[in-house]
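Just so we're on the same page: letters track the sequence lines, and every chain starts at 1.
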Amino acid sequence: MGTAHVRKLANLILSLSLWAVAPLGHAEEQVHLYNWNDYFAEDTLETFEAGTGIRPVLDLYDANEILEAKLLAGSSGYDLIFPTARPFAARHIRAELYLPLDKSQLPGLERLDPTIMASLAEIDPDNAHLVPYMWGTSGLGINRGKVREILGDQVPLDTWALVFDPQIAAKLAGCGIALLDDPTEVFSAALAYLGKDPNSLERADLDAAAELIKAIHPYIRYFHSSQYISDLANGDLCLAHGYSGDVLQAQERAAEADKGVEVIYRIPREGAAMWTDVMAIPRDAPNPEAAHAFIAHLLQPAVIAAVSDYVYYANPNLAATPLVDAALRDDPGIYPPAEVKARLFVPNQRSDRQIRDLNRRWTRLKANH
Amino acid sequence: MPAPQDNPPVRRQRLSRVVNIGLPYLWLGVFFLLPLLIVLQISVAEPRLGQPPYTPLWEWLESGVLQIQVNLQNFMLVWEDSIYLIAFLNSLWVALVCTLLCLLIGYPMAYAIATAPQRWRIPLLMLVILPFWTSFLIRVYAWIGILKTNGLLNHLLLALGVIDTPLNILHTQTAVYVGVVYSYLPFMILPLYANLSRLDPTLLEAAADLGCRPLRAFVRVTLPLSLAGIVAGSMLVFIPVVGEFVIPDLLGGPETLMVGKLLWTEFFGNKDWPLAAALAIVLLGLLVVPFVLMQRLERRMEETS
Amino acid sequence: MSERNSSMPIALDRRNLDTWQDPKATPYVRIERVSKRFGEHHAVEDLSLDIFKGEFFSLLGSSGCGKSTLLRMLAGLEYPTTGRIYIDGVDVTDVPPYSRPVNMMFQSYALFPHMTVAQNIEFGLKQERLGRGERAERVDEMLELLRIAELRRRKPEQLSGGQRQRVALARSLAKHPKLLLLDEPLGALDKRLRENTQFELVNLQERLGITFITVTHDQEEAMTMSTRIAVMDAGQIMQVDTPTAIYEYPSCRFVAEFIGSINQFEGKVVESDGDQLLIETRLGRPMRVRNFHPLALGTPVTVAVRPEKMRLCLDYREDGVNQLRGVVEDIAYLGDVSIYRLRVEGQRVEMTLTNTQPRTEQVLTWDQEVAIEWSPTSAVVLTE
C-alpha cells in the first residue's frame with residue numbers, strides 16, 4: 001500500500017524550504033506537485049523547469065491517508081499527485097476525483113510495462129486516469145548477522161515463517177521484530193503464510209489469520225510503517241516487515257554507518273504483496289496542462305531511471321531498465337526474476353465497509369483486546 | 001436634569017459594554033461554536049465515497065421537499081464496540097496518572113522557584129519555558145533516542161551496572177507516561193508558580209509563631225491556599241492529554257490504546273469522518289461534564305462559606 | 001544614652017508596677033549584646049535590653065531603625081548574628097519560632113484567608129494537641145474577650161480592618177502566651193479607631209497580666225500605652241524609660257526631637273551651683289536649668305524647653321534669666337491649644353498656650369511683640 005518514506009523531520013523541512021524559498025509572485029507558470037517525501041531524484045525538478053520553463057512547487061506527505069483526506073475535502077490546489085494504486089487511486093476513480101488523461105500529450109506511454117498496465121486497467125478501465133510511477137514489494141528486512149547468530153545457518157530467510165512461526169518469532173523477539181501498521185499488508189502476509197488466498201475476505205480465513213497474528217503478538221515490538229527504517233539500520237531491530245525501497249534504504253544507511261550491521265531484503269517464497277504508485281491529476285487541478293507536461297517529463301527513460309537510482313524502487317518504464325544502475329537492476333529484491341515475480345500478488349478491490357471492518361479488527365488485534 | 005438615556009456618556013458606556021461582552025462571544029461563536037456544530041453535523045451523517053466523504057444533513061428533493069437525515073448509528077457504534085470504551089478509559093487513566101505525576105514533580109519545582117531569591121526567579125522560569133522554543137515533535141523524537149533499546153538510557157544503566165539486559169521502555173505505556181509528563185510539566189509549573197509566588201510569606205511565619213512545624217504549615221496553609229493553582233495546572237495537563245495523539249503514536253506501543261489514535265484511524269485510515277466526529281463529540285462531553293461539575297462545586301463552596 | 005538614671009526624679013507613672021526599678025528583680029526578657037546583619041546592612045547593633053514581667057513595653061523609632069528586626073528575633077523569625085536572647089531565664093537564641101512560648105500579632109495580621117475566624121483562632125490550639133472540647137472553650141473565650149462572637153463563621157476577606165485586628169489579637173492570645181509581641185498593632189486602623197483601641201489594649205494587658213512588647217513608630221501610641229519605651233535609632237537604643245521621663249527628661253537631642261517638639265538653645269556652662277546650672281546662650285541671654293550631673297565650666301550644652309512649658313512674661317527685664325522677647329510670626333489654632341511661632345533674635349521659638357479664652361479674645365496677635373519665660377525646672381540640659 002503505502003511506500004512510507006518517512007525520514008527525519010529535519011529532512012522534510014529541508015526539502016520543503018528548498019522549494020519554498022525561491023521568490024514567488026512572478027506571473028510565471030507553475031505546477032503544484034504533491035508527492036511522498038524523498039520520492040524524486042535530486043535533479044528531477046530542475047531538469048523539468050529547465051526543459052519547460054514551468055516552475056514546479058512541491059508539497060510532501062508521508063501517508064496515503066493524508067493525501068486522501070486533502071483530496072476528499074476538496075480544492076486541494078494540487079495539479080499532480082502520486083497515490084498508491086490500490087486501494088487509494090482505485091476508489092478515487094470511483095469517486096470521480098480524477099481528470100481523464102489526454103494521452104496525446106503523453107508521448108512514451110507505450111514504453112510502460114504491459115503487465116503493469118493490464119493490472120492497473122482492472123481498477124482504471126482503458127488506463128484512462130493513471131500512469132504508473134514506481135513499483136515495489138513488501139517483504140522482510142533482515143539483520144543478517146544477528147538472525148543468523150540466533151537461528152543458525154540452516155534456516156531459510158526468504159519465508160514468512162520468520163515472523164509467523166511462533167517458535168522462530170519467540171527466538172527473534174529479544175532483538176526485535178516490527179510489523180507494518182497496515183491490516184491489509186499484515187493479513188495478506190499471514191494468509192500467504194497459511195497457504196490461503198492472500199486477498200481472501202472469507203470470515204474463516206480472516207479469523208485464522210487473526211489467530212496467527214495473536215499468537216505472535218507478544219513477540220512483536222511495534223507496529224509502524226516507517227520507524228523500522230532507522231531501527232534496522234542501527235541494529236535496534238532484527239526483522240521488519242517492510243517496503244522494499246525502505247529496507248534497501250536501511251541497508252544503505254547501515255553500510256554508511258559501518259558498524260557491522262548488514263541489512264538484507266527478501267521477498268518471501270510464500271508470496272508477497274506488490275504495490276504500484278501512480279500519477280493522477282485531481283479533477284479540480286488548477287493547471288492540468290502543466291501536470292501533463294510533468295508526467296511526460298517522467299516518461300522519459302533517463303529521467304525515471306535517475307529516480308529509481310535515487311529511491312531504490314523499480315520503475316515500470318521498460319526502456320529505462322537498461323539505464324538503471326546495474327546494482328539495482330540486478331538486485332532480486334528490486335527487479336525480481338520472473339519466477340519470483342510470478343508469486344507476487346496485488347491487493348483486490350474492497351468495499352469501504354470491508355476495509356473499515358478490517359481496520360477495526362486490526363485496532364483491537366494490535367491493542368490485544 | 002436630562003433623562004439618563006439621553007446622556008451621551010451613558011450611551012457610550014452601554015455601547016462599550018456591548019462591545020466588551022459581545023467580542024468574546026463573537027469569538028467563541030465563530031471559532032468554537034460554529035466548528036462544533038459542523039462536527040456535530042458530520043457525526044450524524046453517513047460515510048460515503050466522494051467530496052465531502054459524508055452525506056449531507058439536509059437535501060432539497062426534486063419535489064421541493066426538504067429532507068433531513070440524522071443517523072445516530074455512529075454514536076451507537078461508539079457505545080456498543082468495547083474498543084472505544086476501552087480507549088476512553090485508558091485515555092482517562094493515562095491523563096490521570098500523568099496529571100498526578102506532573103503535580104508530584106511540578107509542585108516542588110514551582111515551590112522552589114517561587115521561594116527562590118527574586119533575582120533567580122526569572123532565570124529559573126526561563127529554564128522551565130526554554131524547551132518550548134524547540135519543536136514539540138523534535139523533543140518527542142529525542143525521547144525515542146533516549147528510551148530505545150539501543151538508546152542512551154539503556155547504555156547508561158548498563159554502564160552503571162544497574163541492569164544486565166536492556167530495558168524495553170520505548171513502545172510501552174511507560175514511554176507514553178515519560179513523554180507526556182516531560183511535555184506537559186511546564187503547564188503544571190506555570191500556574192502553580194503564579195499561585196505560589198503570590199502566597200504571603202507572613203502567613204507561614206504566623207503559622208510557625210502559632211506552634212506549627214514547617215511540614216504541617218505546608219499541609220495546613222500552603223497547600224490549601226495553592227488549591228486554585230493545583231486545579232488550574234491539573235486542568236491544563238489533564239484535558240489535552242486525554243486527546244493526545246502525537247506522543248502515544250511515537251512513543252507508545254500497540255497496547256497504548258488512546259482516543260487520539262483511534263480518531264486518527266477513523267478519520268484517515270477508515271475515511272469514516274462521521275464516526276470520527278462522533279468520537280470527538282463523546283470525548284468533548286467526557287471532558288466538559290467534569291469541568292462544569294467542578295465549577296458548580298466551586299461556586300457552591302463559595303456560597304456556603 | 002543613659003539607660004537608667006536612678007537619681008532622676010520619676011514623675012507620674014501609669015502604674016505602680018515599677019519592677020524595672022527593683023535592682024533585685026530578674027528580667028523576663030533579656031537581650032544580651034545582640035547584633036543582626038543582613039549582608040552589609042547592620043539592622044541591630046550590639047543591643048542589650050531587659051524587659052520585666054507584666055510590662056507593656058514599646059520599641060519606638062522611625063522605619064528602618066531596627067525595631068521590627070528586634071521584635072522578629074524575639075519571635076524567632078530571625079536569628080541574631082551575635083548575642084543571646086533569654087526568655088524567662090531560658091536561652092532561646094537558637095530555638096525555632098514554633099517552640100517558643102511567645103506569640104506575635106503581625107502588622108498585616110496574617111490571618112489565614114482560607115479559614116473562618118473561629119478556625120483562625122483555633123489554629124494555634126490545634127498545634128498544642130488540646131482536646132476538641134477544650135479548644136472550643138478557648139475559642140469561645142477569645143471571641144468573648146474581644147467581643148467578636150458574631151464573626152466566628154466569617155472569612156477574613158469579609159471583615160473590616162478593625163475586626164481583622166481583633167481576630168488577629170484573639171488568635172495570638174488564644175494560646176495564653178506569657179509574652180505577646182505586637183508589630184504595629186494599630187498601624188492599619190484609622191485615627192479614631194486607633195485611639196479607642198489603645199485603651200482597650202492596655203485594659204486587656206492589665207487584665208490578662210501578660211507581658212506585651214510592641215513595635216510602633218507612633219510616639220503618641222507609645223506614650224499612651226507603655227509602661228516603658230525604648231527609643232531606637234540606627235539599630236541602637238537611644239533611651240529606655242517611662243513615657244514621662246522620655247518626654248520630660250530626654251537623654252539626648254535625638255530623643256528630645258523625636259518625641260514632641262522642643263525648643264533648643266545652644267550655649268555653654270558658665271556657672272555650676274548645686275543642682276543648678278547657669279548657661280550663657282548664643283542669644284546672649286543667660287538661662288538657668290536644674291540639673292543633677294555636675295558639668296565642667298565651659299562645657300558646650302543645649303538647653304531644651306518644651307513649647308507648653310513657656311508662658312507669657314509679665315515682668316520682663318533686660319537681664320532676666322530664662323526670659324526672651326520676640327515677635328509673633330505665626331499662629332496655629334488647634335482648638336484646645338494654640339501654637340505660636342515667635343522670632344527671637346533670628347531664632348525660631350515655639351510656644352503652646354491653652355485657649356482658656358474664646359478665640360475672639362485672643363491675647364496675642366500677629367506681629368505683636370511678646371515676652372516669654374519658663375522655670376528652671378521645666379528645661380533640660382542636653383550634652384549630646
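- With contacts defined as side-chain heavy-atom distances shorter than 4.5 Å, the pair B:Y193/B:R121 qualifies.
- C:S48 places a side-chain heavy atom less than 4.5 Å from the side chain of C:R33.
- You'll find the ring centres of C:F106 and C:Y109 outside the 6.0 Å limit.
- Under 3.5 Å, the side chains of B:Y107 and B:S226 contain a donor-acceptor pair of N or O atoms.
- B:R220 touches chain C through backbone and side chain together, each having a heavy atom under 4.5 Å away.
- To the nearest 0.5 angstrom, B:L236 atom CG is 9.0 Å from B:L190 atom CG.
- Residues of residues 121-131 of chain C that come closer than 4.5 Å to chain B, counting heavy atoms only, are C:F123, C:G124, C:K126, C:Q127, ordered by residue number.
- Both the backbone and the side chain of B:A207 come within contact range of chain C, each with at least one heavy atom under 4.5 Å from a heavy atom of that chain.
- By the 6.0 Å contact criterion, CG on B:L130 is enclosed, its count of non-hydrogen atoms from other residues, nucleotides or ligands being greater than 12.
- A distance of 12.0 Å separates OG in C:S172 from CG in C:D183, rounded to the nearest 0.5 Å.
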Note to self: Test salt bridge (charged side-chain N to carboxylate O under 4.0 Å, His left out) on C:E200 and C:R166; report intermediate values, then the result.
What the structure shows: CA-CA 11 Å; C:E200 219 170 324; C:R166 283 165 181 277; 2.9 Å; yes
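- No close placement of the B:Y25 and B:F32 rings is indicated, their centers lying 6.0 Å or farther apart.
- For the 3.5 Å distance criterion, the side chains of C:E55 and C:Y28 fail to qualify, holding no donor opposite an acceptor.
- Of residues 74-98 of chain C, those residues lying under 4.5 Å from chain B by any heavy-atom pair are C:A75, C:L77, C:P97, C:Y98.
- Looking at C:E221 and C:T216, their side chains do bring a donor and an acceptor atom within 3.5 Å of each other.
- No other option in C:Q107, C:R72, C:M115 has as many heavy-atom pairs under 4.5 Å with chain B as C:R72.
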